[in-house]
Amino acid sequence: MYGGDEVAALVLDIGSYLTKAGYAGDDSPRVVIPSMVGTINDPNSMELETPLTYAGDKMLMRRDYMRVEPALITPEYKWPLIECLIAESIGNELKLDTKEHPILLSEPSMHDRENRVKMTEILFEKFQVPALYIVKSAVLSSFASGRSTSLVLDSGGSITSAVPVHDGYVLQKSIVRFPIGGEYITDLLLKQLMGQVTIRPSYSFTKHMKSCYVEGGEIQGNIELTIEEKFFPNTDPTFHEFSIREIAKDIKESTFKVSDSPFSDSTFSNVPCVNYELPDGSVVEIGNERFKYPEIFFAGVEGMVGFTGIHQMVYDSITRCDMDIRRELYGNLVVTGGNSLFSGFTDRLQKKLTELTTQNMKVKLIAPQSSIERRFSSWIGGSILACLGSFQQMWLSKQEYDEHGAILVERKCP
Ligand SMILES: Nc1ncnc2c1ncn2[C@@H]1O[C@H](COP(=O)(O)OP(=O)(O)OP(=O)(O)O)[C@@H](O)[C@H]1O
C-alpha cells in the first residue's frame with residue numbers, strides 16, 4: 001500500500017483536444033494546454049538523437065521547421081508526444097518533480113488494456129512517480145456531479161460517447177461512441193471560410209496605423225490600418241493550419257448555436273448574419289451555418305453509418321443496460337464536454353429525449369451552468385476522488401509496480 005499521502009497528489013487528464021493538470025483538492029486544473037506538440041525537423045541541421053519538442057505556450061510560437069501534431073487521436077497515442085505533454089504540464093508549468101507526487105490519471109472510458117499498461121510504464125519508468133491510479137473519465141465526471149450511477153454523455157474534441165456508470169464502474173458493453181466532436185464542426189466552418197476570405201494568423205502580418213496623430217492623449221484624424229504581410233518560408237504547413245484553425249474555433253465557439261427545432265435551409269434563410277472581426281481587422285459574415293453545422297449532433301452525419309444523433313446514442317446505450325437500472329440512468333444524465341457549451345445544446349437534447357422515451361420515463365439532465373465544470377468535469381472528479389481518505393489505500397505504488405510489473409494496473413484500477 002502507498003504510504004506517502006502527506007504529499008499532494010496531482011490529477012492529470014490528457015484529452016484529444018486539451019490536457020489538464022493540477023493539484024487534487026483544487027476546484028479546477030491550474031494548467032490547461034492544447035494536446036498538441038511541435039517538433040522541429042530542420043533539414044539543414046544534423047539529425048538530433050532526440051528531436052526538439054515544444055508544448056503549451058512554446059508550441060503556440062512560430063518556429064522554423066516546427067511541425068505541429070496532436071499527441072492523441074483516440075485510440076492512438078503518440079507516446080513521445082504524450083511524454084512531452086506530461087513534462088510540460090507538470091515539470092514546466094506546475095514546476096513540480098514527478099518523483100514526489102502520486103498521480104491520478106483520467107483515461108478514455110472504453111477499456112484499452114494496451115494503452116493503459118504503456119501509460120503505467122511511462123509514468124513509473126520515465127517520470128518515476130511514487131504512486132499512480134487510473135480512472136475512466138466517465139466515472140470521474142459522474143463523481144464530479146456527486147453520483148456513482150449515471151449515464152455520462154461526453155461530447156469532446158474528436159469523440160462523443162454515451163457511457164453508463166453503475167456504482168462507480170463503467171458498463172463497457174453498453175458504451176455507444178462515435179468519432180464525431182467539435183473538431184468536425186470546426187472543419188466544416190474552415191472549409192467554408194477558405195472559399196470566402198483570406199484568414200491571416202497573427203504571426204503572418206504586422207498592423208500599421210496611418211493618418212493619425214496623438215494630441216493631448218487623444219487620437220486625432222482618421223485611423224487607417226494597413227497590413228504588412230510577413231513571410232516566413234520555413235514555416236511548416238501544419239503550424240499554419242493550426243493557427244488558422246484556432247481562429248475558426250474562436251468563430252465557432254463565439255457565434256454557433258443549436259436551434260430549438262430541426263434546421264433546414266428554407267426555414268433558416270432569414271436568420272441575421274453575425275459579423276466576426278479577424279485578427280487582421282477584416283470582417284467575415286457568419287450566416288445560417290451558425291445553426292446548420294451544430295445541427296449534426298441531432299440530425300446525424302451523412303456517411304457516418306449508425307450515427308443518427310446524440311439523443312439516439314443515449315437511448316441506445318441505456319437500452320443495452322439491464323432493465324432495472326434504466327430509470328435511474330435516465331434520471332441522472334450527466335452532460336459534459338466542450339460541445340455541450342453550444343447555446344441551446346442541452347435544451348434540444350432534453351426535447352429530443354422526451355420525444356424518444358415513453359411518457360412515464362423521467363429524463364433529467366445534469367449539466368452544470370459553469371463552463372469550467374462542463375469542460376473539466378473528469379478532472380474535477382479526479383480532484384475530489386484523490387482527496388478522499390478511503391481512496392488512499394487504492395494507489396498502485398512504485399514498490400508494487402517494481403514487484404509485479406505494469407500489468408498490475410489491470411487488477412488495481414478496474
Ligand atoms: N464554448 C464553447 N462552445 C462550443 N464549443 C466549445 C466551447 N468550448 C470548447 N468547445 C469545443 O469543445 C471541443 C473540446 O472539448 P473537450 O475540451 O471536452 O475535449 P477533450 O476532452 O480534450 O476531448 P475528447 O473528449 O475528445 O478527448 C473543441 O472542439 C472545442 O472547440
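In listed order, ligands and their atoms are each counted from 1. Only this structure's heavy atoms are used, side chains among them; waters, hydrogens and symmetry mates stay out.
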Completion exercise
Taking every heavy atom of Leu18 against every heavy atom of Ser35, the minimum-distance pair comes out as C-OG, 3.1 Å

Problem - Nearest heavy-atom neighbours spanning Ile33 and Gly56 - result: CG2-CA, 3.7 Å

How far is [atom] from its nearest protein heavy atom, and which residue and atom name does that atom have?
| atom | answer |
| --- | --- |
| atom 29 (O) of ligand 1 | Glu183 OE2, 2.6 Å |
| atom 30 (C) of ligand 1 | Glu253 OE2, 3.2 Å |
| atom 25 (O) of ligand 1 | Gly156 CA, 3.6 Å |
| atom 2 (C) of ligand 1 | Leu341 CB, 3.6 Å |
| atom 19 (O) of ligand 1 | Gly157 N, 3.3 Å |
| atom 14 (C) of ligand 1 | Tyr17 CD2, 3.2 Å |

Practice task
Let me know which of Ser106, Ser141, Ser145 forms a side-chain hydrogen bond (donor to acceptor under 3.5 Å, both in side chains) with Ser377.
Solution key: Ser141

Handout entry: For ligand 1, the portion of Asp13 having any non-hydrogen atom under 4.0 Å away
Key = neither

Problem - Proximity of Lys20 to ligand 1 by residue part, where a heavy atom lies under 4.0 Å - result: side chain

Exercise for the section: Flag the pair Leu396 / Tyr133 as yes when at least one side-chain heavy-atom distance between them is below 4.5 Å, and no otherwise. Expected result: no

Practice task
Determine whether Ile40 and Tyr54 make a side-chain contact, defined as any pair of heavy atoms from C-beta on separated by less than 4.5 Å.
Solution key: yes

Practice task
Return the orientation label for the Phe178 and Phe307 ring planes: parallel under 30°, perpendicular over 60°, tilted otherwise.
Solution key: tilted

Practice task
Kindly assign one of parallel, tilted or perpendicular to the pair Phe256 and Tyr293, based on the angle between their ring planes and the thresholds 30° and 60°.
Solution key: tilted

Problem - Ring centre gap for Phe239 and Tyr65 strictly below 6.0 Å - result: no

Exercise for the section: Would you please indicate if the ring centroids of Phe291 and Phe263 are separated by under 6.0 Å? Expected result: no

Practice task
Pick whichever of Pro108, Ser155, Ser16, Gly181 has a heavy atom sitting closest to atom 27 (O) of ligand 1.
Solution key: Ser16

Exercise for the section: Pick whichever of Gly15, Gly338, Ser371 has a heavy atom sitting closest to atom 16 (P) of ligand 1. Expected result: Gly338

Give the numbers and elements of all ligand 1 atoms closer than 4.0 Å to a heavy atom of [X].
| X | value |
| --- | --- |
| Asn339 | 11 (C), 12 (O) |
| Ile159 | 26 (O) |
| Ser158 | 26 (O) |
| Gly337 | 18 (O) |

Practice task
Drop me the distance from Ile296's CD1 to Ile180's CD1, to the nearest 0.5 angstrom.
Solution key: 3.5 Å

Exercise for the section: Check whether any N or O atom of Asp154, backbone or side chain, sits under 3.5 Å from an N or O atom of ligand 1, and answer yes or no. Expected result: no

Handout entry: contact_flag Thr186 ligand 1 heavy-atom lt 4.0 Å
Key = no

